[in-house]
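Shown next, in structure tokens, is the structure this report addresses.
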Amino acid sequence: QVQLVESGGGLVQAGGSLRLSCAASGSIGSINAMAWYRQAPGKQRELVAFITRHNNTNYANSVKGRFTISRDNVKNTVYLQMNSLKPEDAAVYYCAATQRTIIIISLIDYWGQGTQVTVSS
């Protein structure tokens with residue numbers, strides 16, 4: 001089992017920045033990739049970014065150039081640095097972990113509880 005605990009959400013003005021953190025514990029050696037998803041009211045949960053155990057990263061087109069995913073293997077923590085935030089970035093952000101090599105929502109093995117990001121215009 002793997003436990004994921006997010007932190008760092010909050011209220012920010014458009015154009016501002018936030019950094020989300022996801023602390024992992026448990027059987028983390030089994031994890032191949034960590035990801036951030038988000039879900040806005042009335043919308044489906046969508047992939048924002050992921051990072052593999054080999055530090056390969058990928059981003060949704062909507063956040064490329066603004067968001068950066070990174071990891072600290074000593075702290076077993078994954079970060080999502082969000083810059084130039086827009087109102088449409090407002091959502092509940094979820095940390096996710098998978099043991100698989102394919103990053104799709106149906107194959108996510110573990111989820112965090114979510115952290116709210118609100119962006120005021």
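A quick note: this is a predicted structure, and the numbers were derived from the prediction, not measured. Each residue takes its place number in the sequence, starting with 1.
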Practice problem: List the steps, then state whether side-chain contact (heavy atoms from CB on, under 4.5 Å) holds for I69 with W36. | Solution: CA-CA 8 Å; I69 190 169; W36 287 97; 3.7 Å; yes

Quiz item: With side chains defined as the heavy atoms from C-beta onward, is the minimum distance between V117 and L18 less than 4.5 Å?
Solution: yes

Exercise. Verify the cluster assignment for V78 and V2: are they in a single hydrophobic cluster under the rule of side-chain heavy atoms below 4.5 Å apart?
Key: yes

Practice problem: Please check if L20 and Y110 belong to a single hydrophobic cluster, counting links between Ile, Leu, Val, Met, Phe, Trp and Tyr side chain heavy atoms closer than 4.5 Å. | Solution: yes

Quiz item: Within the distance-only criterion (no hydrogens, no angle test), does the side chain of E6 pair as donor or acceptor with the backbone N or O of C95 below 3.5 angstrom?
Solution: yes

Self-check item: Closest non-hydrogen atom pair between Y59 and K64, with its separation
Solution: O-CE, 3.4 Å

Quiz item: So, Y93 and R38: side-chain donor and acceptor under 3.5 Å apart, yes or no?
Solution: yes

Exercise. Spell out, yes or no, whether V63 and M34 are grouped together once hydrophobic residues are joined by side-chain heavy atoms under 4.5 Å, including indirect joins.
Key: yes

Quiz item: Should we count CD1 of I102 as having more than 12 external heavy atoms under 6.0 Å?
Solution: no

Practice problem: Under the side-chain contact (heavy atoms from CB on, under 4.5 Å) rule, what do Y37 and V92 come out as? Steps first, then yes or no, please. | Solution: CA-CA 8 Å; Y37 282 78; V92 177; over 6 Å; no

Quiz prompt | Within one Ile-Leu-Val-Met-Phe-Trp-Tyr cluster: M82 and V12, side-chain cutoff 4.5 Å | solution = yes

Quiz prompt | Short side-chain donor-acceptor distance under 3.5 Å, Q99 and S30 | solution = yes

Practice problem: Test L47 against I103 for side-chain contact (heavy atoms from CB on, under 4.5 Å), laying out the working first. | Solution: CA-CA 9 Å; L47 178 64; I103 316 301; 4.2 Å; yes

Quiz item: Centre of Y79's six-membered ring, under 6.0 Å away, within 45 degrees of the axis: is that where NZ or CZ of R71 sits?
Solution: no

Exercise. Give a yes or no on whether the backbone of I108 and the side-chain of T98 come within a donor-acceptor separation of less than 3.5 Å.
Key: no

Exercise. Of all the heavy-atom pairs spanning A49 and L80, show the shortest one and how long it is.
Key: CB-CD1, 4.3 Å

Quiz item: Can you name the nearest heavy-atom pair linking A90 to A40, along with the distance?
Solution: O-CB, 3.7 Å

Exercise. Go through the steps to decide whether Y94 and T115 satisfy the test side-chain contact (heavy atoms from CB on, under 4.5 Å), and finish with yes or no.
Key: CA-CA 7 Å; Y94 295 91; T115 185; over 6 Å; no

Practice problem: Evaluate the criterion side-chain hydrogen bond (donor to acceptor under 3.5 Å, both in side chains) for residue pair S17 and N83; output intermediate values, then yes/no. | Solution: CA-CA 4 Å; S17 298; N83 299 328; 2.9 Å; yes

Quiz item: Hey, quick one: are I105 and F50 part of the same hydrophobic cluster, counting side-chain heavy atoms closer than 4.5 Å, chains of contacts allowed?
Solution: yes

Quiz item: Counting N and O atoms only, with roles assigned by atom type, does the side chain of R66 sit under 3.5 Å from a partner on the main chain of S84, one being a donor and the other an acceptor?
Solution: yes

Quiz item: Is a donor on one side and an acceptor on the other found under 3.5 Å between the side chain of S62 and the backbone of A60?
Solution: no

